[in-house]
> 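So that we are looking at the same thing, I have put the structure below in structure tokens.
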Amino acid sequence: MSFALHGIPVSHGIAIGRAHLLAPAALEVVHYLVSPDQIEAEVSRFRDAVDLVVAELRALESHLPADAPAEFAALLELHRLILQDPLLSEQPAQLVRERRYNAEWALTTQLRAAVQQFEDIEDPYLASRKADVEQVVERVLKVLTGTANAFPEPAPGQDEMIVVAHDIAPADMLQFKKRLFGGFITDLGGATSHTAILARSLDIPAVVGLGNAGRLIRQDEYIIIDGDAGVVVVDPSPIVLEEYRLKRRDLEFARERLRRLRGMPTRTVDEVPVELFANIELPGDCEMANDVGAMGIGLYRTEFLFMNLGGKLPDEEQQFTAYREVVAAMTGRPVTIRTLDVGADKPLDDDDEDRNESANPALGLRAIRYCLTEPNMFLTQLRAILRASAFGTVRLLLPMLAHVHEIDQSLNLIEQAKGQLRERGVAFDEHIQIGGMIEIPAAALSLSTFVKRLDFLSIGTNDLIQYTLAIDRTDSSVAHLYDPVHPAVLYLISQTIQIGRRAGIPVSVCGEMAGDTAMARLLLGMGLRQFSMHPAQILAVKQEILRSNSKACAAQVKKILAASEPARIEVLLHKLVAL
């Protein structure tokens, strides 16, 4: 019987093939008590499994294929570090000794304790990091249960395989480079999960967050992945199958046409230049940004460097190396590095566990607020960013500003970091530009003072919409109320762009709206001339801009901003898209 599942689209394209189910090893764990005389043997069995996985991850790191995305090396190292944390490497052995649990039972018990801290995290990027812990444990469990080799070799001429899994670890994702898998779908995951990041890097159609796909889909069942719509069609009818085959051919032709736009200047029909930048999370993302002709990096999220390091923080040299790699890859084009954007909901070291956690982490000690309470950590990152500025054009971006004193404190610390580098005789750009993220309504309404202190602005539409409407877009019960074209949201974005232009400082949009082709003319009509988005979205947005007349868009957007009724706004938006 044919049916459809709806999830989160994380990698574009259409895949058609047979389902290959990967059962989570955790579901196959048996629970039993070890006899007293077998306790040490059980501890040895556990440690042998951990050692084997560590060795496998090291081997994979050292033998990565030349065409593997650079992200893999970083993620494999990350998983190795997670596995070496005493929480997973020592505590399960203690459970075997103290409670006589068998190794699998002890490990899954410790897994539940390890991921519990992630359950109440509201930030989608941070919440998705618990998947890394689960993936590492899953890999050890596969060794313990003897199910490590889960990827078969497809026979020549066989239908493409589509992997259906609860979740997929980065190490297992390497199998996609070696075998004929057409795509994958998972029960878990979100747009910011490592699985999603790697799927985009490999350019494999993927849908995640499906919930119960593994239970509803049968082995070898024919399925279709629509990576654009986030839809999975199971057991499609012949008519639907043929429709998607035609759609896949059309997408391939469209992608090829977009590739031809790579070297063209980005100008509207009426010759207004527009700059298209890339958002990245990992240094390896620069390859894709260069491949689509990005004019630079509009947002480098540095959180990845700080995640899952076993309670440690990356030192100045580690950060500097990562930042310099991005700067070098951009060959003189600007790189905007955002300072750390984490919060009290995810302590970065053991000392932070004593802090009073906010009942609502989204409104608590996060982003710039967190950094200002940890000046030594902040200064380390600032020095690393400043050092990287000696190797190219670097801009420093401060997240989640709401108060003028936050800007002043940050600027003072930046000057302090510069002074420390001068004392060490280390080169950096003395005139590095400092910008601020506009993602809180208070910031958008305080721009007259902000623009006197900052060199550029970047609008984070994801959080700006969330905070303006008091809507947590990760909460399924209210996500339908998340509205990018709410009159209040449009007003704040438009005012930010206009005030920035009057002050003579650049304004960009780096949230999801920038990469949405349906929003391109709206933002263009507001006066936006700098867009920053995931590299995979750049050419499609570029095509939309090349087809647009900025003056006609501005006239229509003026009507949209004057409207207050949702129905009227929707009608005007349709007319704008049809211009």
Side-chain angles (χ1 to χ4, degrees), residues 123 125-126 281 299-309 311-324 326-327 335-358 361-390 394-424 426 428-440 443 450 453-458 460 463:
D123 184 285
Y125 182 86
L126 299 179
E281 291 154 328
L299 176 63
Y300 178 10
R301 300 181 177 99
T302 59
E303 292 76 45
F304 178 80
L305 294 172
F306 290 75
M307 296 299 140
N308 300 320
L309 295 180
K312 299 178 182 178
L313 295 175
D315 61 28
E316 182 180 325
E317 202 63 33
Q318 288 174 303
Q319 293 187 59
F320 163 64
T321 300
Y323 304 151
R324 182 181 58 183
V326 173
V327 173
V335 174
T336 303
I337 303 177
R338 185 178 70 185
T339 58
L340 183 63
D341 187 359
V342 294
D345 53 313
K346 176 65 162 61
L348 291 178
D349 56 47
D350 293 337
D351 293 338
D352 289 337
E353 292 179 356
D354 295 330
R355 294 186 182 278
N356 293 322
E357 293 188 1
S358 169
L363 303 179
L365 191 65
R366 55 167 294 198
I368 198 63
R369 302 171 184 175
Y370 186 93
C371 290
L372 292 175
T373 64
E374 299 287 345
N376 290 331
M377 177 197 71
F378 196 26
L379 283 167
T380 298
Q381 181 174 37
L382 292 175
R383 288 194 302 270
I385 295 172
L386 287 168
R387 288 173 60 189
S389 71
V394 173
R395 306 193 309 169
L396 195 154
L397 182 60
L398 304 170
M400 202 181 171
L401 296 172
H403 303 275
V404 170
H405 67 75
E406 292 168 340
I407 302 175
D408 292 339
Q409 286 179 262
S410 298
L411 293 176
N412 287 336
L413 284 168
I414 291 169
E415 286 304 314
Q416 186 176 334
K418 287 181 177 181
Q420 292 169 345
L421 292 178
R422 291 189 194 102
E423 290 177 3
R424 288 160 47 183
V426 177
F428 63 91
D429 179 5
E430 289 279 0
H431 305 290
I432 187 171
Q433 290 194 332
I434 312 298
M437 289 283 289
I438 306 302
E439 46 196 337
I440 299 176
F450 280 30
R453 292 165 167 81
L454 299 170
D455 300 307
F456 66 95
L457 303 174
S458 185
D463 272 333

> Just so I know, are the side chains of Asp315 and Thr380 near enough to count as touching, which here means a heavy-atom distance under 4.5 Å?
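Result no, sub-4.5 Å side-chain heavy-atom pair not found.
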> Is Glu317 salt-bridged to Arg387, going by a charged N under 4.0 Å from an acidic O?
yes
> Kindly indicate, with the supporting measurements, whether the criterion side-chain contact (heavy atoms from CB on, under 4.5 Å) is fulfilled by Thr339 and Ile385.
CA-CA 9 Å; Thr339 58; Ile385 295 172; 4.1 Å; yes
> Whether the side chain of Arg369 engages the backbone of Gly364 through a donor-acceptor N/O pair (distance < 3.5 Å, no angle test) should be reported.
yes
> Between the side chains of Arg422 and Glu430, is the shortest nitrogen-to-carboxylate-oxygen separation below 4.0 Å, so that they form an ion pair?
yes
> Ser458 and Leu299: side-chain contact (heavy atoms from CB on, under 4.5 Å), yes or no, with the steps?
CA-CA 9 Å; Ser458 185; Leu299 176 63; 5.9 Å; no
> Shortest non-hydrogen contact from Leu379 to Leu413?
CD2-O, 3.3 Å
> Identify the two heavy atoms, one from Gly460 and one from Glu439, that lie closest to each other, and give their separation to 0.1 Å.
O-CB, 3.7 Å
> So, the side chain of Glu406 versus the backbone of Ala402: is there a donor-acceptor pair under 3.5 Å, distance only?
yes
> Tell me, do Phe450 and Val404 make a side-chain contact under 4.5 Å, heavy atoms counted?
yes
> Flag the pair Glu316 and Arg424 as a salt bridge only when some basic side-chain nitrogen lies within less than 4.0 angstrom of an acidic carboxylate oxygen.
yes
> Between Ser389 (side chain only) and Asp429 (backbone N and O only), is there a donor and an acceptor less than 3.5 Å apart?
yes
> Whether the side chain of Asp455 engages the backbone of Ile434 through a donor-acceptor N/O pair (distance < 3.5 Å, no angle test) should be reported.
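Checking the backbone N and O of Ile434 against the side chain of Asp455, a donor-acceptor pair under 3.5 Å is found.
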> May I ask you to test the Met437-Met400 pair for a side-chain heavy-atom distance under 4.5 Å?
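Result no, sub-4.5 Å side-chain heavy-atom pair not found.
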> Determine whether the side chains of Gln319 and Tyr323 contain a donor N or O and an acceptor N or O closer than 3.5 Å.
yes
> Can you tell whether the side chains of Asp341 and Arg301 come within less than 4.0 Å, N to carboxylate O?
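So Asp341 does not pair with Arg301 through a salt bridge.
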> Just how far is it from atom CG of Leu365 to atom CD of Glu374, taken to the nearest 0.5 Å?
8.0 Å
> side-chain contact (heavy atoms from CB on, under 4.5 Å) for Leu401 and Leu454? Distances and angles first, verdict last.
CA-CA 11 Å; Leu401 296 172; Leu454 299 170; 4.2 Å; yes
> Under the criterion side-chain contact (heavy atoms from CB on, under 4.5 Å), I'd like the reasoning laid out for Leu397 against Phe456: C-alpha separation, chi angles, the key distance, then a yes or no.
CA-CA 9 Å; Leu397 182 60; Phe456 66 95; 3.8 Å; yes
> With Leu386, which of Lys418, Gln381, Gln420 fulfils side-chain contact (heavy atoms from CB on, under 4.5 Å)?
Lys418
> Would a distance-only check, ignoring hydrogens and angles, find a side-chain to backbone donor-acceptor pair under 3.5 Å from Glu415 to Asn412?
no
> Look at atom NE2 of His405 and say whether more than 12 heavy atoms of other residues, nucleotides or ligands are closer to it than 6.0 Å.
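Yes.
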> When you compare the side chain of Arg395 with that of Ile432, does any pair of heavy atoms fall below 4.5 Å?
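In short, these two side chains do not touch, never coming nearer than 4.5 Å.
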> Taking all heavy atoms of Leu398 and all of Ser410, pick out the closest pair and write down the distance.
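Heavy atoms only, the tightest pair is CD1-CB, 3.6 Å.
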